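To start, the structure itself, in structure tokens.
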Amino acid sequence: MTDLINTMTARLAEIDELIAQPDILRDQVRYRDLMKERARLAEILEAEAALRAIEAAMLDTRTMLSETQDPELRLMAEEELETLTRKSEAARVRLDELLTPRDPLADKAVIMEIRAGTGGEEAALFAADLFRMYARYADRRGWNLEVMSQSETELGGFKEIIFSISGDAAYERLRFESGVHRVQRVPTTESSGRIHTSAVTVAVLPEMEETEVEIQPEDLRIDVMRASGPGGQSVNTTDSAVRITHLPTGIVVHCQDEKSQIKNKAKAMRILRARLYELENQKRLAERSAERRSQVGTGDRSERIRTYNFPQNRLTDHRIDLTLYKLDLIMEGDIDELLDALLEHARKEALAQGAAAGREG
């Protein structure tokens, strides 16, 4: 641990020297990356210093206990030692969390795709409910949300909606949302009061920069057309909608929300880069299929991950056997408890896998 902390301290000093150089300031991408690394290192070093301070206080308190015979002082020291022990345990857990290898994509913006699955109009309405849940959560955290593409139904649901969310640790907190979300409730379209089961698929893709995913212009077919709304009615009198087909993979992206063809093309390219990265990532996972994977899930959108039971006000995440009886609050964007549990489970899995790899090595 001492060697690691010394290495981090040296790297922090090196970064401070680098960011003071004029050429680094002119390279905004490099400067941003260095500042993110600096913030991460500073957080770890502060946590380690806090733990050392608590441990020093515990040593002083134990010395007092061993040296004094005064009953009142001993009682005070014992109570202080109990408090410091609790603080030490919490500080050590915090430091372990910070030292756990972090996903290099953790701070990426995300592109989320929500699609209605089985259940017809009710599935489309629940897709809209999920979008509002994520939008409210993004607002709570001060993140930015941008709708990139949507296909609405006449009752206000979504056959599909694609949007981006950017902000601190957006991908880290939302990455486990990929999969099938099942809903059980009485639809507004149901007159007999019967509970229906519908499903919605969610995909969470890290948004990649142009330099991170190479796309050859000759690999693209770009078609332009007029945008249309629910029921097929025209919503634009100009050819502003854009459809991009990536010929090598067959991936097709369609954007029509903007009135500008240029803006729709830019959004479509952002979605295409994210999907191409996901495709390559799935190939890498398949190549390492013999390797043990996290029980939280692989991000496969065909995996049923969660059930939303409205009559019982219950949400169940099947991957970690977590059940919460506050579905009404969750649908208003109160999902931190759920996401924290998923992140903690993933952290423990990563530590366990690291320990197992160490034993094998």
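Side chains included, hydrogens not; waters and symmetry mates left out as well; all remaining heavy atoms used. Fair warning: this is a prediction, and the values are worked out from it, not measured in the lab.
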- prompt: Which heavy atom of Asn264 sits nearest a heavy atom of Glu258, and at what distance?
  reply: ND2-O, 2.8 Å

query: Would you say Leu272 and Val147 are hydrophobically clustered, going by side-chain heavy atoms of ILVMFWY under 4.5 Å?
result: yes

- request: Flag yes if more than 12 heavy atoms outside Glu218 fall under 6.0 Å of its CD atom; otherwise flag no.
  value: yes

Without placing hydrogens or testing angles, list every side-chain donor-acceptor pair under 3.5 Å for residues 159-166, not counting sequence neighbours.
from, atom 1, to, atom 2, distance (Å)
Glu160, OE2, Arg115, NE, 2.7
Glu160, OE2, Arg115, NH2, 3.1
Ser164, OG, Arg270, NH2, 3.4

query: Any donor and acceptor pair, going by atom type alone, linking the side chain of Thr68 with main-chain N or O of Leu65 inside 3.5 Å?
result: no

task: Using modelled atom types only, decide if a donor and an acceptor are shared between the side chain of Asn313 and the backbone of Asp328 within a distance under 3.5 Å.
output: yes

- request: Determine whether Met64 and Leu84 fall in the same hydrophobic cluster, where Ile, Leu, Val, Met, Phe, Trp and Tyr are linked whenever their side-chain heavy atoms lie under 4.5 Å apart.
  value: no

query: Are Ser240 and Gln256 close enough that a side-chain donor and a side-chain acceptor fall under 3.5 Å?
result: no

- request: In plain terms, say whether Lys36 and Asp107 are close enough for a salt bridge, that is, a side-chain N and a carboxylate O under 4.0 Å apart.
  value: no

message: Would you compute the distance between atom OG1 of Thr61 and atom CE of Met76 and round it to the nearest 0.5 angstrom?
response: 10.5 Å

field: Side-chain (Ser260) to main-chain (Ile262) donor-acceptor, under 3.5 angstrom
entry: yes

query: Looking at CD of Glu344 and CG of Asp340, how far apart are the two atoms once the value is rounded to the nearest 0.5 Å?
result: 9.0 Å

- line: The side chain to side chain contact (heavy atoms under 4.5 Å, CB included) partner of Tyr308 among Arg314, Gln184, Met331, Arg182 is Met331

query: Just checking, is any N or O donor in the side chain of Tyr277 or Arg273 under 3.5 Å from an acceptor N or O on the other one?
result: no

With a 3.5 Å cut-off and sequence neighbours excluded, list the donor-acceptor pairs that the side chains of residues 52-59 form with protein atoms.
from, atom 1, to, atom 2, distance (Å)
Arg52, NE, Glu48, OE1, 2.9
Arg52, NE, Glu48, OE2, 2.9
Arg52, NH2, Glu48, OE1, 3.3
Glu55, OE2, Arg92, NH2, 2.5

- prompt: Is the backbone of Ala170 close enough, under 3.5 Å, to the side chain of Trp143 for a donor and an acceptor to pair up by distance?
  reply: no

message: What I want to find out is whether Arg221 reaches Asp223 closely enough, with some N-O distance under 4.0 Å, to be called a salt bridge.
response: yes

- request: Please confirm whether the backbone N or O of His181 pairs with a side-chain atom of Arg306, one donor and one acceptor, at under 3.5 Å?
  value: no

task: Determine the minimum heavy-atom distance between Leu322 and Leu338, stating which atoms define it.
output: CD2-CD1, 3.8 Å

- prompt: Any side-chain heavy atom of Lys108 sitting closer than 4.5 Å to one from Glu212?
  reply: yes

From CD1 (Ile244) to CD1 (Ile222), nearest 0.5 Å: 4.5 Å

query: Hey, does the side chain of Arg275 reach the backbone of Val252 with a donor-acceptor pair shorter than 3.5 angstrom?
result: yes

field: Test item: side-chain donor near acceptor, Arg173 and Tyr137, under 3.5 Å
entry: yes

message: Looking at every heavy atom in both Leu45 and Leu12, which two are closest together, and how far apart are they?
response: CD1-CD2, 3.7 Å

task: Could you tell me whether a side-chain N or O of Arg175 sits under 3.5 Å from a main-chain N or O of Leu205, the two making a donor and an acceptor?
output: no

query: Any side-chain heavy-atom pair from Thr197 and Thr118 closer than 4.5 angstrom?
result: no

- prompt: Would Glu280 and Gln282 count as having a side-chain donor-acceptor pair, cut-off 3.5 Å?
  reply: no

query: Just one of Glu177, Glu278, Glu113 clears the side chain to side chain contact (heavy atoms under 4.5 Å, CB included) bar with Val204, so which one?
result: Glu177

- request: Check whether any side-chain heavy atom of Glu37 lies under 4.5 Å from a side-chain heavy atom of Asp33, and answer yes or no.
  value: no

task: Please answer whether the main-chain N or O of Leu25 pairs with a side-chain N or O of Gln28 as donor and acceptor at a distance below 3.5 Å.
output: yes

message: Go through it in stages, so that I can follow the logic: the residues are Arg185 and Asp129, the test is salt bridge (charged side-chain N to carboxylate O under 4.0 Å, His left out), and I'd like the CA-CA distance, side-chain angles, deciding distance and then a yes or no.
response: CA-CA 13 Å; Arg185 65 181 178 184; Asp129 290 339; 2.8 Å; yes

Taking every non-hydrogen atom, the tightest pair across Gly157 and Ala128: CA-CB, 4.1 Å

- request: Evaluate side-chain contact (heavy atoms from CB on, under 4.5 Å) for Leu220 paired with Thr245, printing each intermediate quantity in order.
  value: CA-CA 6 Å; Leu220 301 178; Thr245 304; over 6 Å; no

message: For a quick test of reading the model, state the closest non-hydrogen atom pair linking Ala135 to Leu145 and the distance between them.
response: CA-CD1, 3.7 Å

query: Charged N to carboxylate O under 4.0 angstrom, Arg74 versus Glu79?
result: no

task: To the nearest 0.5 Å, tell me how far Met112 CE sits from Leu130 CG.
output: 8.5 Å

message: Checking Leu279 against Thr249 for the side-chain contact (heavy atoms from CB on, under 4.5 Å) test, could you report, in this order, the C-alpha distance in whole Å, the side-chain angles of both residues, the deciding distance, and whether it holds?
response: CA-CA 9 Å; Leu279 184 64; Thr249 61; 3.6 Å; yes

Taking every non-hydrogen atom, the tightest pair across Ala123 and Ala116: C-CB, 3.8 Å

- request: Check the hydrophobic clustering (I, L, V, M, F, W, Y; side-chain heavy atoms under 4.5 Å; chains of links allowed) and say if Leu329 and Tyr134 are grouped together.
  value: no

task: State, yes or no, whether a side-chain contact exists between Ile320 and Leu342 at a heavy-atom distance under 4.5 Å.
output: yes

query: Charged N to carboxylate O below 4.0 Å: is that the case for Arg11 and Glu14?
result: yes

task: Nearest 0.5 Å please: distance from the CD atom of Gln216 over to the NE2 atom of His246.
output: 8.5 Å

message: Tell me whether Asp96 is salt-bridged to Lys348, with the criterion being a basic N under 4.0 Å from an acidic carboxylate O.
response: no

message: Whether the His254 and Ser149 side chains hold a donor-acceptor pair (N or O, under 3.5 Å, no angle test) is what I'd like checked.
response: no

task: Answer whether the closest heavy-atom distance between the side chains of Val200 and Val183 falls below 4.5 Å.
output: no

task: Carefully, step by step, assess Met133 and Glu332 under the rule side-chain contact (heavy atoms from CB on, under 4.5 Å).
output: CA-CA 6 Å; Met133 179 185 79; Glu332 292 298 319; over 6 Å; no

task: State, yes or no, whether a side-chain contact exists between Thr9 and Thr7 at a heavy-atom distance under 4.5 Å.
output: no

- request: Answer with yes or no whether the hydrophobic clustering places Leu4 together with Leu51; edges join I, L, V, M, F, W, Y residues whose side-chain heavy atoms lie under 4.5 Å apart.
  value: yes

query: Are the charged groups of Lys326 and Glu337 less than 4.0 angstrom apart, N to O?
result: yes

task: Inspect the contact between Lys267 and Glu146 and indicate whether a charged nitrogen and a carboxylate oxygen are less than 4.0 angstrom apart.
output: yes

- request: Could you tell me whether the side chain of Glu207 reaches within less than 4.5 Å of the side chain of Val110, counting heavy atoms only?
  value: no

- prompt: Just how far is it from atom CZ of Phe131 to atom CZ of Arg136, taken to the nearest 0.5 Å?
  reply: 10.0 Å

- prompt: Salt bridge or not for Lys263 and Asp257, using N-O below 4.0 Å?
  reply: no

Same apolar cluster: Leu315 and Tyr325, side chain cutoff 4.5 Å: no

query: Taking the side chain as C-beta and beyond, is there a heavy-atom pair between Tyr31 and Ile19 under 4.5 Å?
result: yes

